[in-house]
J.: 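Supplied in structure tokens, the structure appears directly below.
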Amino acid sequence: MIQLKDVSYVRLGSPDLEQAEQFATTCLGLQIAGSGKADLYLRSDARAHTLCYTEGDPRRQTVGFEVEDEASLQDAASTLDALGHAVHAGTAEEAERRKVKSFIGFRDPTGNHIELVVRPERSGRRYFASRDAGITGFSHVGLNSTDPARDELFWTQVCNARVSDRIGDIPLMRVNAIHHTIALVRAPQAGIQHINHQVESSDDVLRSYYFLNDKRVPIVFGPGRHPTSGARFLYFSGPDGMIFEYSVGVDEIEDEATHRPRQFGFEPASFCMWGSRPAGMALPST
Ligand SMILES: CC(C)c1ccc(C(=O)O)c(O)c1O
Ligand SMILES: [Fe+2]
């Protein structure tokens, strides 16, 4: 069984790196960590980078997850290969571009590009962004799924993710004590459904609501509170239609052995207990 330790980074293709940089620094509140020929690296926490915009097709979206060590990576490659997933062994140059020691790439059953990485770089410098959004770190992703039940089996039985809760057929899955690191949301094709950063306080969520409104950044859901993780949240859209979420107060699963996933109905109250309705996200709004 593959053991995922944490989500590590997201790589997003973008035709306009300048626009991506502008949004990431002045709206989202990330810090530029450097740039390569066609790459823009951004930080949100102690890691060297957690988001990389790379010049190109915005449909090219990848999520990286950390595994323990080189032996675990090789085991993962064999497991995936045996299950019929084409596995790409990252070259030294590709690993350098990802600021990791080594990695493999494959697609999940929906076709999402996933990378497993060993020894992602950390930074000796403190994360310090020019816009103070209160970000404490990159925390989870929503992944599109053409068949959430099938993909849940892949993530739980092959990658050792555990379901913390379900909303309709959306599983919220953890890979460590944090309530969820991956959510699978039904969609017609592969892609990243949203990217979550944790912020320090509810004040940060509400401050950003007014700040982003002022900047004419489309707010697509919230401010609100998820009954599942308990987090207060705000979703807004960025370059190439990518949805970003700030949230604070995500539960931790205290007892791994006894936790039983709760089933919530596929209805607005299961996504927000305050009555906020999603607009511009493919979620139930009535
Ligand atoms: C996939 C959706 C929109 C969702 C639902 C619940 C939570 C949570 O409990 O924190 C999320 O973070 C979500 O993104
Ligand atoms: Fe989320």
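Counting convention: from 1, in listed order, for ligands and their atoms alike.
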J.: Between Asp39 and Thr54, is any side-chain donor less than 3.5 angstrom from a side-chain acceptor?
T.: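 There is such a pair between these side chains.
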J.: Could you tell me whether Phe154 and His85 have their ring centroids closer than 6.0 angstrom?
T.: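 Between His85 and Phe154, which both carry aromatic rings, the centre distance is below 6.0 Å.
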J.: To the nearest 0.5 Å, what is the distance between OG (Ser8) and CD (Glu121)?
T.: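 Going from the OG atom of Ser8 to the CD atom of Glu121 covers 11.0 Å.
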J.: Excluding sequence neighbours, so at least two apart, what forms salt bridge (Lys or Arg N to Asp or Glu O under 4.0 Å) with Arg162?
T.: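 Expected list: Glu256.
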J.: Does one side chain, of Glu115 or Tyr9, offer a donor that lies under 3.5 Å from an acceptor on the other?
T.: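 Distance-only check passes for Glu115 and Tyr9.
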J.: Between Phe233 and Phe221, is the gap from one ring center to the other below 6.0 Å?
T.: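 Yes; Phe221 has its ring centre under 6.0 Å from that of Phe233.
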J.: Considering only N or O atoms, set out every pair between ligand 1 and the protein closer than 3.5 Å, with distances to one decimal place.
T.:
residue	atom	partner	partner atom	Å
ligand 1	9 (O)	Thr228	OG1	2.5
ligand 1	9 (O)	Ser229	N	3.0
ligand 1	9 (O)	Ser229	OG	3.0
ligand 1	10 (O)	Ser229	OG	2.6
ligand 1	12 (O)	His140	NE2	3.2
ligand 1	12 (O)	His180	NE2	3.0
ligand 1	12 (O)	Glu245	OE1	3.4
ligand 1	12 (O)	Glu245	OE2	3.4
ligand 1	14 (O)	His194	NE2	2.9
ligand 1	14 (O)	Tyr235	OH	2.6

J.: Which atom pairs, one a donor and one an acceptor, fall under 3.5 Å between side chains of residues 177-190 and the rest of the protein, sequence neighbours left out?
T.:
residue	atom	partner	partner atom	Å
His179	NE2	Asp165	OD2	2.7
His180	NE2	His140	NE2	3.4
Arg186	NE	Asp169	OD2	3.1
Arg186	NH2	Asp169	OD2	2.8

J.: Enumerate the protein N/O/S atoms at a distance below 2.8 Å from the Fe ion (ligand 2), ignoring waters.
T.: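 As for protein N, O or S atoms lying under 2.8 Å from the Fe ion (ligand 2), they are His140 NE2, His194 NE2, Glu245 OE1.
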J.: Tell me if the centroids of the rings in Tyr235 and Phe271 come within less than 6.0 Å of each other.
T.: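 No - the distance between ring centres of Tyr235 and Phe271 does not fall below the 6.0 Å cut-off.
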J.: For Phe106 and His88, I'd like to know if the aromatic rings sit close, meaning centre-to-centre distance below 6.0 Å.
T.: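 No: the rings miss the under 6.0 Å criterion.
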